[in-house]
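The sequence lines fix the lettering, A, B, ..., with proteins before strands; numbering per chain opens at 1.
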Amino acid sequence: MLRAGVRPDDRTFPFALTAAAAAAGDDARKETHGYIIRNYLYSDVFVANSLVDMYAKSGCWNKGSDIFYRMDNWNVVSWNAMIANFAQNGAELEAIRLVKEMQNCGEFPNSVTYTNVLPACARIASLVKGKEIHARSIRVCSNCDVFVSNALIDMYVKCGRFDLAQNVFNVSERDQVSYNTLIVGYSENPLCSEALDLFLDMRSVGIEYDVVSIVGALSACGNLSALKQGKEIHCLSMRKLFDTHLFVANSLIDLYTKCGRIALGKKIFDRISNKDVASWNAMILGYGMQGELEAAINLFDLMKDEGLEYDHVSYIAVLSACSHAGLVERGKRYFDQMLAQNIRPTQMHYACMVDLLGRAGLMTEAAELVRSMPFEADSNVWGALLGACRIHGNIELAQLAAEHLFKLKPGHCGYYILLSNMYAEVGRWNEADKVRALMKSRKVKKNPGCSWVQIGNKLRAFLVGEGSQGSELELCYDELVKGERMSSAYLSWPQT
DNA sequence: TGTGGTTTCC
């Protein structure tokens, strides 16, 4: 247009800026912005809004912010773009605050406002703020907007309130995203079966599954060790050529390694031409999970040779492998390497390190690491320490760890039992009884041992002490064998 | 002839 000598006007730029926002690299953004500055088109609210949006999407929230605060007048779109700018770039509280501020400035939030701010509540898991937004959206009927109800479902899921997420889902208009949001939300234990039910439901009400639904369903199967259903979903994904999608392929590695089919997972890993960090992480975690620790650590080292940067998950994978293999010095080296790479350790990293040191009997060092953490240790960290105390018979430290665990996870039976058994082993019966009494007073039930098999689309569980399960077990076995024969018949690669 | 929106891998 410029080459043809046609002068763009303020109507041109919203289109150009939208395109620049989606373009790779910063060149198009800088050039377009520069032209606008040189030609005094800055004061047009449409143009300025598009600029804020462009910078929000490119991750420069201060650039978007500069433009916003220099604008002469704002409309509701300006506020919404600015809320998105904060919400998508790590300034969640600012985004939430801006909804109040826009009202102070006399602007009314609309459905887009709520759609933009709800993911901010979700990311910081602020149920209070999320509920407040929910209530406001009801007052102006925004909750009837499918974008808003989907964002609400996601917010409740991310705050751990599956009951409220399900409520919103039940009373709202539902589309593909509604199903996907709930499937992905449920695909973590212990709601994986619900996730798979929803995956079947969506198809029966005529809503097509897409890559996101497949990823959620595969992840649910992995967590359930539901190999047969996982294979079926693998087949469904092949039918739509989704299986070459990177996220799907990575989920397939996760599925097969979690189900113990390491070779199958490796086959998928090898076939991915554009492997990303998550592909490598999934494979390293898979080897580690199945006890192939040398393979896990070798793959970790190989990843670097391939020119890929480690992320925090890579380190969780390799540290847990070192811990299980008893490679203390090597684990410490990797931990230091992670710090040098400016990756801030999370609870899980500390839990791995405490486990590493503790298993090796370096109890003082493990306790010192917990003490030196820059934030309060969570139940994974204290649990790792308690586990190590159990192995090495360190009752004093076990008491300390258990004290924290009883506060952090008061309903978790395992910790009470572990400590009580430790007392009993050394004949400190009074203290063992005290722990049991504490457990009883808190109405903590001991979970019975449980084992299960999958038959068709159902899981059948067997509990310790259930009695007369002999015939039922045989029945399950027959069905299981039949099911295996069927699933191997339609797979295109050899079974491992 | 113009601006803003929800869900995904480890």
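In this structure, of B:dT6, B:dC9, B:dC10, it is B:dC10 that holds the atom nearest to the side chain of A:Asp311. With B:dG2, B:dC9, B:dC10 as the candidates, the nucleotide lying closest to the side chain of A:Ser251 is B:dC9. Of all nucleotides listed (B:dT6, B:dG5, B:dT1), B:dG5 comes nearest to the side chain of A:Val112. Comparing B:dG5, B:dT8, B:dT7 against the side chain of A:Asn180 picks out B:dT7 as the nearest. Closest contact between the side chain of A:Pro119 and the listed nucleotides B:dT6, B:dC9, B:dT1 involves B:dT6. Closest to the side chain of A:Asp53, from the set B:dG2, B:dT7, B:dG5, is B:dG5. Counting only heavy atoms from C-beta on, A:Asn49 has its side chain closest to B:dT3 among B:dT3, B:dG5, B:dC9. For A:Asn75, taking side-chain heavy atoms from C-beta onward, the closest of the listed nucleotides B:dT3, B:dT7, B:dC10 is B:dT3. Side-chain proximity of A:Phe46 to B:dT3, B:dG5, B:dT7: nearest is B:dT3. Of all nucleotides listed (B:dT8, B:dG2, B:dG5), B:dG2 comes nearest to the side chain of A:Asp10.
A:Phe147 does not qualify as a stacking partner of the B:dT6 base, lacking a centre-to-centre distance under 5.5 Å together with planes within 30°.
With A:Phe68 as the fixed residue, the ring pair (Phe, Tyr, Trp, His ring centres under 6.0 Å) test singles out one of A:Trp79, A:Trp61, A:Tyr55, A:Phe86: A:Trp79.
With ring centers used as reference points, A:Phe375 lies under 6.0 Å from A:Tyr350. In this structure, A:Trp280 has its ring center at least 6.0 angstrom away from the ring center of A:Phe300. Here the two rings, on A:Tyr315 and A:Phe335, have centers that are 6.0 Å apart or farther.
Other residues, nucleotides and ligands contribute more than 12 heavy atoms inside 6.0 Å of the NZ atom of A:Lys275. Residue-environment remark: CD (A:Glu188) stays at or below the threshold of 12 foreign heavy atoms within 6.0 Å.
A:Thr181 comes within contact range of the sugar-phosphate backbone alone, with a heavy-atom separation under 4.0 Å but no base atom that close. Nucleic acid contact for A:Ser111: base, since at least one base atom lies under 4.0 Å from a heavy atom of the residue. Within the nucleic acid shown, A:Asn110 comes within 4.0 Å of at least one base atom, counting heavy atoms only. Using a 4.0 Å heavy-atom distance criterion, A:Val52 is classed as making no nucleic acid contact.
Following rounding to the nearest Å, A:Asn223 (CG) and B:dT8 (C1') show an atom-to-atom distance of 15 Å. If you take CZ of A:Arg123 and C1' of B:dT8, they are 14 Å apart, rounded to a whole angstrom. If you take CG of A:Asp243 and P of B:dC9, they are 18 Å apart, rounded to a whole angstrom. Atom-to-atom, OH of A:Tyr209 to P of B:dT8 comes out at 20 Å; the value is rounded to the nearest Å. Distance, A:Asp9 CG to B:dT3 P: 14 Å, rounded to whole Å. Following rounding to the nearest Å, A:Tyr179 (OH) and B:dT7 (P) show an atom-to-atom distance of 19 Å. Following rounding to the nearest Å, A:Asn281 (CG) and B:dC10 (P) show an atom-to-atom distance of 10 Å. The CG-P distance, from A:Leu51 to B:dT3, rounds to 14 Å in whole Å.
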Next on the checklist: One pair to check against salt bridge (charged side-chain N to carboxylate O under 4.0 Å, His left out): A:Asp270 and A:Lys266. What are the steps and the verdict?
Outcome noted: CA-CA 6 Å; A:Asp270 288 337; A:Lys266 183 63 167 35; 3.2 Å; yes
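Between the side chain of A:Asp44 and the base of B:dG2, a donor-acceptor pair under 3.5 Å is found. A donor-acceptor contact under 3.5 Å is formed by the side chain of A:Asp145 with the base of B:dG5.
Proximity of A:Lys275 to the phosphate of B:dC10: no side-chain N or O atom is located under 4.0 Å from OP1 or OP2. Under 4.0 angstrom from either OP1 or OP2 of B:dC9 there lies no side-chain N or O belonging to A:Lys258.
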